[in-house]
Amino acid sequence: MDYRSYIAERIPVDGILREEIAESIAVPPDSAMGDFALPCFKFAKVLRKSPAMIAEDLKAQYPVDHVVSEVLAVNGYLNFKINKSALAREVLEKIGAEGERYGAENIGNGRVICLDYSSVNIAKPFHIGHLSTTVLGGALYRIFNFLGYKAVGINHLGDYGTQFGKLISAYKRWGNRELVEQGGIRALNELYVRFHREAETDPALEDEARAYFKKIEEGDRDCLSLFEWFKELTLKDVKKIYDLLDIRFDSYAGESFYQDKMQPVLDELKQKNLLVESRGAQIVDLEEYGMSPCIILKSDGSSLYATRDMAAAIYRKQTYDFDKCLYVVAYQQNLHFKQFFKVLELMGKEWAKDLVHVAYGMVSLEDGAMSTRKGNVVFLEDIIEKCVEKAYAILSEKNPDLENKEDVAKKVGVGAVVFGALYNNKIKDIVFSYDKALNFDGETSVYVQYTCARAFSVLSKAEGIDYKNASVTEPCPQEFELLKLLGEFPDTVKAAAEKYEPSYVARYAVDVAQKFNKFYIDCKILQAESGVKEMRLRITEATLVTLKNALSLLGIGVPEKM
Ligand code: ARG
């Protein structure tokens, strides 16, 4: 049940919107105060009364019933106590009926959300810097689909630019087929790094690279086929990681895809008198909006990242007719997105308001920085592998007889990397630590997974007990706290979608795991008297369903035994 709406509908006020009331209703930190609370402060102005008086008046008028059993006015808050048995019954029935779909709702109604994420650069390493965009985007993709939207995952490949000229030059000078075939991205990256090293003393290399890039643009067969081959190799490497992380795309249309779609954009800009010449380049002046100009064409006539992004946005609107188009890209590119969103708005695209830059912070490892040019890169694949190995070692120590240890270690290790990137508010910079990510008692995925294994184990011991439809009685405090939280899952998923914040789901999962463990330790489950035992098994199963759903939205698997 949606308690917030239920309560809001019964609050008798004039001059305030029901939705506003529903949104204001919160869960007090101390449940002794009440299960839900409405702070009355912000209504004081409209109602011309003190918050305390508003609370008193509302309390006197609120119709308590079988759902809300008590209302209290305390210091400007209106606190509500829920009928505990009714809540328990409701939550258990809903989870029991919906199972894997618990938390799913059709609020999207098939509307399209384009999601530009991961968007790797061809022939460049898939490094730790791509972790957040990949897992955040992947989680949002699943969350939106879960809510009845049609998510379109787009990998806007970085497959256009002078760096490919450099790579061809380096390949022709120092590379060969076997070397690159065997080494994949790593070999390509080494060539790229060598190019930059040698170009420091031999500036002629830069000209050579420019010439090769021009050849690609002109469609030279030899250069183009090398480039296509580099692309294929990169995607092969990258897809291994996508498989591990359960990441999917509906389109791999990258920057080069828009090569022939930029001219119409230029024409339109010209026709709308938005282009200005500045030192030979074509720009859109954005001074009025407090931004540096958006450069559309360089003085040598070549296009830019922003030009291609504008063509891409227009193409996506035409192709998918999106409700929103999200770009999951690091905050370093804030200005870039603000600029081209603005230019599209100036062009009169009313849908420019539906473009959203979902910015996130940096991820680094405990031991420092990296740069693609210099070569000291931390490959994401290595991080995942190391996490899986460490997980294997920990599991071997904790549970030497564990079956399918490799499989479990994979779920735990991959989960640790994903959760490490998703647990914090996305805009925060994070320093990834293997030990913290794999701490069984921390705010980690492995803690949640371990809790699930605990629930599995309880349920497997309950075989033969018919608990599925056990009758529900007044829950004890630990049961109630847990059930109330389980009931919050659908709202949590919706809030995560609304704020583009999968961390809400991650934090929620840890919260549920903590409340379940308190329940598990304080209340006997299998040893409880009959009647109570059955209801506790139902609660255990409902917890497991909810945690599995939460983790699966994040792309994390749940082993049955650990
Ligand atoms: N390839 C870019 C990078 O690694 C990210 C592209 C993001 N998407 C976009 N439409 N600009 O920085």
Side-chain angles (χ1 to χ4, degrees), residues 113-138 140-141 151-164 166-167 185 188-189 192 227 230-231 234-235 237-238 241-242 247 249-259 261-262 265 294-296 303-320 322 324-344 349 351-352 354-364 370-373 377-380 421 426 500:
I113 304 275
C114 284
L115 261 164
D116 178 324
Y117 66 107
S118 198
S119 297
V120 287
N121 300 320
I122 296 304
K124 287 209 193 152
F126 197 30
H127 58 73
I128 187 169
H130 299 112
L131 174 61
S132 296
T133 172
T134 306
V135 299
L136 274 169
L140 290 173
Y141 184 84
V152 178
I154 302 171
N155 201 324
H156 186 74
L157 298 175
D159 58 0
Y160 193 87
T162 42
Q163 73 266 30
F164 298 104
K166 293 177 185 175
L167 204 60
I185 298 188
L188 291 174
N189 184 235
Y192 188 68
F227 168 66
F230 295 157
K231 196 160 155 175
T234 308
L235 287 179
D237 269 13
V238 165
I241 298 182
Y242 291 153
I247 294 292
F249 295 96
D250 302 288
S251 159
Y252 279 87
E255 294 187 40
S256 69
F257 178 76
Y258 300 101
Q259 205 171 338
K261 297 175 183 61
M262 284 182 282
V265 181
C294 184
I295 308 174
I296 305 290
S303 66
L304 285 105
Y305 182 49
T307 328
R308 293 187 287 279
D309 253 329
M310 288 175 47
I314 292 170
Y315 174 84
R316 288 174 194 173
K317 185 66 195 174
Q318 283 167 352
T319 310
Y320 304 110
F322 56 72
K324 286 230 155 67
C325 178
L326 313 182
Y327 298 82
V328 187
V329 184
Y331 63 60
Q332 279 90 340
Q333 295 190 27
N334 277 354
L335 179 62
H336 164 73
F337 286 101
K338 272 209 206 133
Q339 286 176 320
F340 89 79
F341 290 177
K342 191 66 182 181
V343 176
L344 286 167
K349 312 283 178 208
W351 48 264
D354 304 323
L355 306 172
V356 185
H357 176 204
V358 178
Y360 61 83
M362 293 261 289
V363 187
S364 55
M370 74 225 160
S371 143
T372 329
R373 288 190 179 194
V377 193
V378 192
F379 284 85
L380 189 51
K426 62 183 183 296
Y500 314 123

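Just so you know, these numbers use all the heavy atoms, side chains as well, and skip hydrogens, waters and symmetry mates. One-based numbering, in listed order, for ligands and for the atoms of each.
Annotation: atom 12 (O) of ligand 1 to nearest protein heavy atom, Gln333 NE2, 2.9 Å. In this structure, the protein non-hydrogen atom closest to atom 5 (C) of ligand 1 is Tyr305 OH, 3.6 Å. Taking atom 8 (N) of ligand 1 as the reference point, the nearest protein heavy-atom neighbour is Asp116 OD1, 3.2 Å. When hydrogens are left out, the protein atom nearest atom 1 (N) of ligand 1 is Asn121 OD1, 2.7 Å; that is the closest non-hydrogen contact.
Judged purely by distance below 3.5 Å, without hydrogens or angles, the side chains of Ser256 and Asp159 pair a donor atom with an acceptor atom.
With ring centers used as reference points, Tyr500 lies 6.0 Å or more from Tyr360. Under the 6.0 Å cut-off for aromatic ring centres, Phe230 and Phe164 do not qualify, their centroids lying 6.0 Å or more apart.
Taking every heavy atom of both residues into account, Thr307 and Ile296 meet most closely at OG1-O, 2.7 Å.
Counting only heavy atoms from C-beta outward, the side chains of Lys324 and Ile113 approach each other to under 4.5 Å.
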Determine, step by step, whether Tyr160 and Phe257 satisfy the ring pair (Phe, Tyr, Trp, His ring centres under 6.0 Å) criterion, reporting the C-alpha distance in whole Å, the side-chain angles of both residues, the deciding distance to 0.1 Å, and the verdict.
-> CA-CA 9 Å; Tyr160 193 87; Phe257 178 76; over 10 Å; no

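Some N or O of Ser119 is nearer than 3.5 Å to an N or O of ligand 1, by distance alone. Considering both main-chain and side-chain atoms, Asp309 comes within under 3.5 Å of ligand 1 through a nitrogen or oxygen pair.
Taking every heavy atom of Tyr327 and a limit of under 4.0 angstrom, the matching atoms of ligand 1 come to 10 (N).
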